[in-house]
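Note sheet for the following structure.
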Amino acid sequence: MTALPLIIDCDPGVDDAIALLLALASPEDLNLLGITTVAGNVPLSLTQQNALKICELAGRPELPVFAGCPRPLLRPLLTAEHVHGTTGLEGVTFPNPSRAIQPQHGVAFLIERLTQTQQPITLATLGPLTNIAVALIQEPAIAHQIDRIVVMGGAITQGNVTPAAEFNIYVDPQAAQVVFEAGLDLTLISLDVTHQVLTTPERLDQIRALNTPVSAAAASLLAYYGTADAERYGLPGAPLHDPCVIAYLLAPHLFSGRALRVDIEVNSCLTLGQTLVDRWQSTGQPPNAQVIEQVDADGVYDLLINRLAKL
Ligand code: BDR
Ligand code: CA
């Protein structure tokens with residue numbers, strides 16, 4: 001089997017960093033063509049540096065990292081330092097990256113790579129959808145070259161920024177609307193899934209027990225990250241969001257869901273950024289997303305620990 005051509009768009013962010021490590025540890029399955037970064041958990045100046053740092057940690061400093069959009073389409077940037085720390089990678093001090101960010105803009109890279117490719121490319125999105133929306137607006141033809149897009153974002157039931165909205169969608173709801181209405185083969189991994197995949201103390205110990213520099217860094221990041229979340233939601237561990245996207249690409253049998261209609265709320269101030277999932281087909285609209293509902297959390301963690309051991 002040939003490795004899946006993939007671009008990851010992200011805003012590292014601790015859970016983004018773990019997702020990148022999972023992808024970088026899986027070169028036989030994923031042909032990672034590049035990483036584009038966006039403003040989200042922390043400003044763009046930090047997300048781009050953090051992506052470089054994680055590539056170096058994984059022993060892949062040559063992997064091209066591109067900086068994309070520094071702010072959402074219409075709204076001011078909202079960040080999440082309270083979850084990821086002021087650097088975005090709280091818990092570990094990384095050396096300054098030896099490689100520089102690519103000179104090309106992240107959106108230009110997306111358009112160029114998708115336009116030139118012979119084989120459609122999969123997109124994994126782990127942050128606000130600004131870069132993907134701008135690329136689709138600038139060059140709509142790229143939609144035909146996107147094999148599928150797997151999005152971490154949204155919520156079927158309750159949000160985490162407001163009762164209605166999840167962070168990635170709330171930060172740039174207009175961008176999300178563009179992406180969800182682009183007719184793409186879109187898979188949605190929402191909070192309802194990621195809240196089933198918890199970083200319990202036992203799982204954290206398993207990562208630590210790998211006893212490598214990468215596992216030590218991953219464990220320190222995860223130990224800091226989400227302690228507030230675990231407390232807030234009364235869960236035995238922090239929800240592990242973004243790695244679920246990569247786990248889905250590597251092991252789709254661990255996930256199950258349904259083709260459903262998902263619309264993005266962009267007008268209401270109370271429910272701005274809500275992903276309205278039409279579970280009972282009340283809109284009469286055709287499905288535009290494969291909405292994941294269930295996940296084998298032990299399977300995801302086994303996969304993650306297995307792959308981290310390879311780095
Ligand atoms: C999402 O928001 C960010 O804080 C995380 O990195 C994840 O992508 C979860 O709501
Ligand atoms: Ca993220």
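Counting starts at 1 for both ligands and their atoms, following the listed order. No hydrogens, no waters, no symmetry mates; every other heavy atom, side chains included, goes into these values. Quick caveat: nothing in here was measured; it's all calculated off a predicted structure.
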Worksheet item: With respect to the Ca ion (ligand 2), what is the nearest N, O or S atom of Asp242?
Response: OD2
Discussion item. Please determine whether Gly40 has a backbone or side-chain N, O or S atom lying under 3.0 Å from the Ca ion (ligand 2).
Written reply: no
Worksheet entry | Within 6.0 Å of CD in Glu231, more than 12 heavy atoms from elsewhere | no
Could you check ligand 1 for N or O atoms lying under 3.5 Å from protein N or O atoms and list the pairs with distances?
| unit_1 | atom_1 | unit_2 | atom_2 | d |
| --- | --- | --- | --- | --- |
| ligand 1 | 4 (O) | Asn41 | OD1 | 2.6 |
| ligand 1 | 4 (O) | His84 | NE2 | 3.0 |
| ligand 1 | 6 (O) | Asp15 | OD1 | 2.6 |
| ligand 1 | 6 (O) | Asp15 | OD2 | 3.2 |
| ligand 1 | 6 (O) | Asp16 | OD1 | 3.1 |
| ligand 1 | 6 (O) | Asn41 | ND2 | 3.0 |
| ligand 1 | 6 (O) | Asp242 | OD2 | 3.1 |
| ligand 1 | 8 (O) | Leu126 | O | 3.0 |
| ligand 1 | 8 (O) | Asn168 | ND2 | 3.0 |
| ligand 1 | 8 (O) | Asp242 | OD1 | 2.7 |
| ligand 1 | 8 (O) | Asp242 | OD2 | 3.1 |
| ligand 1 | 10 (O) | Asn160 | ND2 | 2.9 |
| ligand 1 | 10 (O) | Glu166 | OE2 | 2.5 |

Worksheet entry | Shared hydrophobic cluster, Ile264 / Ile132 (ILVMFWY, side-chain heavy atoms < 4.5 Å) | yes
Worksheet item: Ignoring hydrogens and geometry, is there a side-chain-to-backbone donor-acceptor pair from Glu56 to Ser98 under 3.5 Å?
Response: yes
Worksheet entry | Candidate pair Val179 and Thr125, rule side-chain contact (heavy atoms from CB on, under 4.5 Å), full reasoning | CA-CA 11 Å; Val179 173; Thr125 71; over 6 Å; no
Fill in: OD1 (Asp16) - the Ca ion (ligand 2) - O (Leu126) angle, nearest 10°
130°
Worksheet entry | Atom of Asp11 nearest the Ca ion (ligand 2) (restricted to N/O/S, atom name only) | OD1
Worksheet item: Is there a side-chain contact (heavy atoms from CB on, under 4.5 Å) between Thr162 and Thr271 once you walk through the steps?
Response: CA-CA 8 Å; Thr162 71; Thr271 60; over 6 Å; no
Fill in: Side-chain ion pair, Glu293 and Arg258, N-O less than 4.0 Å
yes
Discussion item. Does the plane of the ring in His241 sit parallel, tilted or perpendicular to the ring in Tyr225? Use 30° and 60° as the thresholds.
Written reply: perpendicular
Discussion item. Main chain of Val83, side chain of Asp229: is a donor-acceptor contact present, judged purely on distance under 3.5 Å?
Written reply: no
